[in-house]
Amino acid sequence: MPKDKFFKEIANKTHPNETLVPTHCSYCGMQCGMNLRVDTSTNKIIGVEPRYDWPVTLGKMCPKGVTAYQQTNHNDRLLLPLIRDNASYKGTKEGFREASWEEAYSLIARKFQELQQTYGKDSLSVFSGVSMTNEKCYLTGKFARVGLQTRYIDYNGRFCMSSAAAGFMRTFGVDRGSTLPWTDLHETDCLFIAGSNTAECHPTSMFRVWEVQNRGGYLIVVDPRETPIARRADVHLDLRPGTDLALANCMVNLLIQNGYANKAFVNDHTNGFDELVEVVKAFTPEYTSEITGVAPEKLIRAAEIYGKAPNAIVMFARGIEQQMKGTDNVSAYTNMALVTGKIGRPKAGVATFTGQGNGQGGREHGQKADALPGYRKITNPKHVEEVCKVWGITPEEMPQPGVSAYEMFELMQAKTIRGLYLLCSNPAVSAPNQNYVRASLKGLDFMVCADLYLSESAEFADVVLPTTSWSEDEGTVTNLEGRIIKINKAQEPVGESKPDWQIQVELMELMGRGQYFRHLKTAADVANEFRLASKGGYADYYGATWDKIERQNGVFWPCRSEEDPGTPHMFLDKKFYHPDGKALLCAIPYRPSAELPDEKFPLRLTTGRVVYHYLSGNQTRRIPFLHAMCPEPFVEVHPEAAQKYGIAHDNYVRLYTRRGAAIFKVKITEAIRKDTVFVPYHFGHELSINLLTIPALDPISKMPEFKVSAAQIEKLEAGQ
Ligand SMILES: Nc1nc2c(c(=O)[nH]1)N[C@H]1C(S)=C(S)[C@@H](COP(=O)(O)OP(=O)(O)OC[C@H]3O[C@@H](n4cnc5c(=O)[nH]c(N)nc54)[C@H](O)[C@@H]3O)O[C@H]1N2
Ligand SMILES: Nc1nc2c(c(=O)[nH]1)N[C@H]1C(S)=C(S)[C@@H](COP(=O)(O)OP(=O)(O)OC[C@H]3O[C@@H](n4cnc5c(=O)[nH]c(N)nc54)[C@H](O)[C@@H]3O)O[C@H]1N2
Ligand code: SF4
Ligand SMILES: [Mo]
């Protein structure tokens, strides 16, 4: 039977006593298509099947996706609100008692109101996340600004997509993570991928990557580690962490020097070429090799491959973005596509691997300290007026811009922020410089945490609210292509858990702001208000009705009207979003990372992920298979470095930086540079690598430098 027909036949075939609910994975930005299997006698989720008919992932899923359904009815789910009366237990799991929603709501309302009466409206803050639907992300912004009337809201995307967003904004005047649909990837001639562990972090992209090579195309990978994708690359540029700016400038210099610049495109559609030429000309292969540690021949070969390819796609992820110059790295790599004109047509362009499930949509609709729905600016009076009309408030009532995620922890220590409503994030694992962040949370007068489970961050809360998982509510998310897709409800919420939007609506009733929220009775009500609020912004979702999303297998934004089918390819008309329609070539001199290796701290520490865990690990550490595959963190060390320290595979060592220390198991591997060590960050308490990371922030995006700090290893003696 032909493969296509076979897949069509097995897709959507139900077993007796089962229904299939088509939806998408709860985790990463790939948003693989899946059917949740629901037992019709109990109405409970019992399993999962891939969706062969989902065009982006064609029936593929990774180990996290195939076990994601085990979250819904997991024993650890919170079923009732928890209240802790004795604050001395803060920072531990102890002291909580179960309570009714009524008691929890009235306590929160009373405490929040007391804080605001004593210290002003801005004494409250909201810290959010983007494992939530667009509707929930939108309402969380409104909850903060109209409901709590505070300026302080920011979210975990600050640690994730903020540099890509700021870089694209500066270069293109618009921030959609990919200029083209993923269904183009395998048809290009060259993939240039920097700082992405694609095979572990976006595994279901890989069949398209391999297809490029199978068709005779090329793969270039820039990473200090020989990751699974780097191993099969035609060229692996194994640079020192933190030196991408030099490498990207060298690529652009070589492209220009060797005649690969597209002069007509540069003239007609970009600004800044002359300044760029001036800055990059210093970046010869030899000079760049000194900075990056990459052999000059490899740099020359990579530029030649990219330059010759008829179509090419420049791609990157957190490896280049989570640096205190992440925004500059994004613009510098994007220069490659603009200088050669390999953008604004099918099979050629630029894409970042968006991290979280709704990492794209969640950054566009008002959870950012300075953004309003539709990616409007809170500092732009016209934008404020447009949103105020939908919200029913006056522009004078709109709070000022707030501060970025890490800066909120600083304001907690300064006692400017006294109360926190935390939802959908676990910063007591995932924020940098944990000793400081945990002290900030502990010092709060009052903290609420909404989560599925008792997370490490919930241990600092006075009240914990049980929320629904992705499978117990409906709405839309926007995947890494910029495609708006539908998440469907497969079972009723467990226990008394409630969707985040409903909690916010109900709480506002008690806080005297019900008039702005009480008309929102279903997720669909929130969706309709949200589409209206985005209308006219450049991330315009107005035309993306649930109906159209189902009919078309998703809708790419911008989608401005009911008739508009959406925008799979950006810039086909060669119009960028700056006022003159031109993209900006950014001339950026090289500068070093915040902390360089020295005698006391001779190693470069970089951090990231493994395929089996997701982010802070609060969800995946509870899944038996994933836990079995990766029960604890480890530090990757090159054999030569290990020899120097006298350490062996599976030894435990103390790894430390200027900010903190932790003990990790050693994994000896040749797949890392001799001067670099790597630790995954999915573990909490004393196993969190973020006890060691540096909170140096990118001046534009405010992204912390998770990817580079200076570290040292101490061998532990037996018994230690
Ligand atoms: N399995 C799994 N998949 C995930 C996630 C997860 O937690 N687990 N999280 C999702 C999310 S939210 C995100 S943001 C993405 C992240 O996806 P990725 O960005 O691909 O993942 P990371 O492991 O953070 O880092 C990627 C690579 O950057 C390299 N790197 C480190 N320093 C540098 C540097 O200075 N320059 C360059 N060029 N490379 C460097 C690391 O060696 C690593 O291989 O993954 C998503 N998918
Ligand atoms: N050292 C180091 N640190 C990093 C990174 C790194 O590469 N290195 N990467 C950074 C990146 S890219 C990211 S994205 C961040 C992510 O860091 P976090 O924001 O901490 O990510 P999660 O673990 O997804 O936290 C989400 C929490 O919300 C809960 N949750 C899930 N769905 C819902 C929902 O619908 N509603 C509510 N209320 N709760 C829900 C989950 O149980 C979980 O506790 O970590 C950053 N930290
Ligand atoms: S690749 Fe991402 S979206 Fe797909 S199954 Fe794995 S975690 Fe889920
Ligand atoms: Mo992320």
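As a basis for the values below, the full set of heavy atoms in this structure was taken, side chains included, without hydrogen atoms, waters or symmetry mates. One-based numbering, in listed order, for ligands and for the atoms of each. For clarity, every value in this text was computed on a predicted model and none was experimentally measured. If you read the sequence from its start, that first residue is 1, and numbering goes on from there.
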Exercise. Using the ring of each side chain (for Trp, its six-membered ring), is Y612 parallel, tilted or perpendicular to F625, with breaks at 30° and 60°?
Worked result: perpendicular
Quick note on ligand 1: atoms under 4.0 Å from a heavy atom of A317 include exactly 18 (P), 19 (O), 20 (O)
Q) Touching ligand 1 at all, V708? Heavy atoms, strictly under 4.0 Å? A) no
If you scan protein heavy atoms around atom 8 (Fe) of ligand 3, the nearest is C25 SG, 2.4 Å
The residue among K665, R621, K667 that forms salt bridge (Lys or Arg N to Asp or Glu O under 4.0 Å) with E632 is K665
_If the contact criterion is a heavy-atom separation under 4.0 Å, does T354 count as touching ligand 1?_
no
So the atoms of ligand 1 within less than 4.0 Å of a heavy atom of P241 turn out to be 34 (C), 35 (O)
Numbered in order shown, the ligand 1 atoms found under 4.0 Å of a heavy atom of H613 are 1 (N), 2 (C), 6 (C), 7 (O), 8 (N)
Do any N/O atoms on R240 end up under 3.5 angstrom from N/O atoms on ligand 1?
-> no
Closest to atom 21 (O) of ligand 1 among protein heavy atoms sits C201 SG, 3.4 Å
- Query: Is there a heavy atom of Q323 sitting under 4.0 angstrom from any atom of ligand 1?
  - Reply: yes
Of all protein heavy atoms, the one nearest atom 4 (Fe) of ligand 3 is C32 SG, 2.2 Å
Short version for C160: what comes under 4.0 Å of ligand 1, heavy atoms counted, is side chain
of all protein heavy atoms, closest to atom 2 (Fe) of ligand 3 is C28 SG, 2.3 Å
protein heavy-atom neighbour closest to atom 6 (Fe) of ligand 3 works out as C62 SG, 2.3 Å
- prompt: For the residue pair Y453 and H74, does the interplanar ring angle fall in the parallel (under 30°), tilted (30 to 60°) or perpendicular (over 60°) class?
  reply: perpendicular
Note: T606, heavy atoms under 4.0 Å from ligand 1, region reported as side chain
Under 4.0 Å between heavy atoms, the region of K64 that gets near ligand 1 turns out to be side chain
Worksheet item: Looking only at side chains, do D244 and Y333 share a donor and an acceptor under 3.5 Å apart?
Response: yes
So the atoms of ligand 1 within less than 4.0 Å of a heavy atom of G242 turn out to be 34 (C), 35 (O)
Closest to atom 40 (C) of ligand 1 by heavy-atom distance, out of G129, P224, P63, is P224
(Q) Can you see whether F706 has R318 sitting over its ring - NZ or CZ less than 6.0 Å from the centre and within 45° of the normal? (A) no
Within the 4.0 Å heavy-atom cut-off, what H202 brings close to ligand 3 is neither
Practice item. Run the contact test for E321 against ligand 1 with a 4.0 Å cut-off on heavy atoms, strictly below, and give the result. Key: no
Near L239 (heavy-atom distance under 4.0 Å), the atoms of ligand 1 are 36 (N), 37 (C), 38 (N)
shortest atom 25 (O) of ligand 1-to-protein heavy-atom contact is with K707 CE, 3.5 Å
Without hydrogens or angle criteria, can the side chains of Q322 and K707 be said to hold a donor-acceptor pair below 3.5 Å? yes
How are the rings of Y27 and Y614 set to each other: parallel, tilted or perpendicular (split at 30° and 60°)?
tilted
When distances are taken from atom 20 (O) of ligand 1, the protein heavy atom at minimum range is N197 N, 2.8 Å
Please determine, by modelled atom types, if T352 and E321 share a side-chain donor-acceptor pair under 3.5 angstrom. yes
Any T620 heavy atom less than 4.0 Å from ligand 1: no
Filtering N329, T352, D244 for the heavy atom nearest atom 36 (N) of ligand 1 leaves D244
- Item | W470/H24 aromatic ring centres below 6.0 Å | no
query: When only distance counts, is L615 in polar contact with ligand 1, meaning an N/O pair under 3.5 Å?
result: yes
Practice problem: Before accepting this row, confirm whether a basic side-chain N of the pair R363/D175 lies closer than 4.0 Å to the acidic partner's carboxylate O. | Solution: yes
Can you confirm whether Y218 is buried at OH, in the sense that more than 12 heavy atoms of other residues, nucleotides or ligands lie under 6.0 Å from that atom? no
At the 4.0 Å heavy-atom cut-off, does M30 count as touching ligand 1?
-> no
Per-atom filter on ligand 1: closer than 4.0 angstrom to a heavy atom of D223 are 27 (C), 28 (O), 29 (C), 41 (C), 42 (O), 43 (C), 44 (O)
Atom 11 (C) of ligand 1 sits nearest the protein heavy atom G355 CA, 3.2 Å
Atom 9 (N) of ligand 1: of Q356, R609, R318, the nearest heavy atom sits on R609
If we number the atoms of ligand 1 from 1 as shown, the ones under 4.0 Å from a heavy atom of T227 are 44 (O)
Does Y614 have a non-hydrogen atom less than 4.0 Å from ligand 1? yes
Within 4.0 Å of some non-hydrogen atom of V610, the atoms of ligand 1 are 1 (N), 2 (C), 8 (N)
Any carboxylate oxygen within less than 4.0 angstrom of a Lys/Arg side-chain nitrogen, looking at R301 and D234?
no
Value for CD1 (I46) from CG (N73), rounded to nearest 0.5 Å, stands at 10.5 Å
